[in-house]
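The next block holds one structure in the form of C-alpha cells; read it before the comments.
No experiment lies behind these values; they were computed from the predicted model shown.
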Amino acid sequence: MYPQSSEPQKPTVVKWYAIYCYAMALMYLVCAFMGLVFLFGDPAEMEMDAVGAKFMGALLILMGLGFGALYGAAPSMPLKKWAWVVGIVLICFGLTSACCLPAAIPLLIWWLKPETKAYYNAG
C-alpha cells in the first residue's frame with residue numbers, strides 16, 4: 001500500500017482564491033498608479049482644487065500599495081487558522097464592490113466548507 005499523507009488534500013477553492021487575490025492585487029496596484037496621476041497631474045484637468053487632488057492621490061497610493069501588498073501576499077500565507085481568517089476578510093472586502101460580487105460570493109461559499117477549514121487547520 002501507498003503511505004497516506006497527513007496533510008489534507010488541497011481544495012480547488014484555494015487555486016481560485018489565489019487567482020482572486022492576484023487579480024485584486026493588480027487592481028489595487030492600478031489604483032496606486034492612478035494616485036500618481038492625481039498627485040502629479042494638473043488639477044484643473046481633473047476639475048479639482050490642488051489640495052483635493054493631492055489628498056486623493058496620496059489616499060489612492062496608500063490604499064493601493066497597502067491592499068495590493070496584502071492581496072499579493074495572501075496566497076502564500078502558511079496553512080494556519082489565522083491565514084484562513086485573512087482569506088475570509090479579503091473575500092468579504094470583495095463583497096463591497098458590485099464588480100467583484102460574481103467572484104466573491106461563490107468563493108466565500110466554498111471557502112467556508114469544512115474541507116477548506118481542515119486544509120488551513122482552522123476547524
Side-chain angles (χ1 to χ4, degrees):
M1 287 283 175
Y2 297 104
Q4 295 251 338
S5 173
S6 62
E7 185 175 309
Q9 187 176 1
K10 186 176 191 176
T12 307
V13 70
V14 175
K15 176 183 76 167
W16 288 106
Y17 170 69
I19 293 169
Y20 167 80
C21 284
Y22 292 138
M24 292 293 280
L26 179 64
M27 181 192 71
Y28 278 111
L29 291 177
V30 169
C31 286
F33 173 76
M34 290 307 297
L36 292 173
V37 171
F38 274 92
L39 204 58
F40 298 111
D42 183 18
E45 280 185 21
M46 295 178 264
E47 298 180 9
M48 297 180 78
D49 62 343
V51 174
K54 301 290 184 211
F55 177 77
M56 182 67 75
L59 186 65
L60 282 171
I61 290 170
L62 287 174
M63 287 183 58
L65 292 177
F67 281 115
L70 183 60
Y71 274 105
S76 61
M77 289 183 176
L79 300 177
K80 303 281 185 184
K81 183 177 182 174
W82 62 266
W84 181 79
V85 173
V86 167
I88 288 178
V89 171
L90 293 180
I91 293 167
C92 288
F93 279 153
L95 295 174
T96 63
S97 171
C99 67
C100 296
L101 280 176
I105 291 174
L107 195 58
L108 182 61
I109 291 170
W110 284 90
W111 194 257
L112 294 173
K113 295 216 178 240
E115 302 85 42
T116 310
K117 289 175 86 172
Y119 182 71
Y120 278 91
N121 300 315

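- By the criterion of side-chain heavy atoms lying less than 4.5 angstrom apart, applied directly or through intervening Ile, Leu, Val, Met, Phe, Trp or Tyr residues, Val51 is not grouped with Met48; the two fall into different hydrophobic clusters.
- When side chains are defined from C-beta on, Lys113 does not count as touching Val13, because their heavy atoms never get closer than 4.5 Å.
- Rounding to the nearest 0.5 Å gives a distance of 7.0 Å between CG of Leu59 and CG of Leu62.
- The two residues Cys99 and Pro102 come nearest to each other via the heavy atoms O-CD, 3.6 Å.
- In this view, Pro114 satisfies the side-chain contact (heavy atoms from CB on, under 4.5 Å) rule with no residue, not counting sequence neighbours.
- Taking Trp84 as the reference, Ile88, Trp111, Leu112, Thr116, Lys117, Tyr120, Ala122 meet the side-chain contact (heavy atoms from CB on, under 4.5 Å) condition, with sequence neighbours excluded.
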Could you tabulate the donor-acceptor pairs under 3.5 Å formed by side-chain atoms of residues 16-44, not counting sequence neighbours?
unit_1	atom_1	unit_2	atom_2	d
Tyr20	OH	Leu90	O	3.0
Tyr20	OH	Gly94	N	3.4
Asp42	OD1	Ala44	N	3.4

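- Pairing each heavy atom of Trp82 with each of Met77, the nearest pair is CZ3-SD, 3.7 Å.
- Shortest non-hydrogen contact noted between Ala83 and Pro78 is CB-O, 3.1 Å.
- Sorted pairs that involve residues 41-63 and meet ring pair (Phe, Tyr, Trp, His ring centres under 6.0 Å), not counting sequence neighbours, are lacking altogether.
- From Leu101, atom CG reaches atom CG of Leu107 across 12.0 Å, with rounding to the nearest 0.5 Å.
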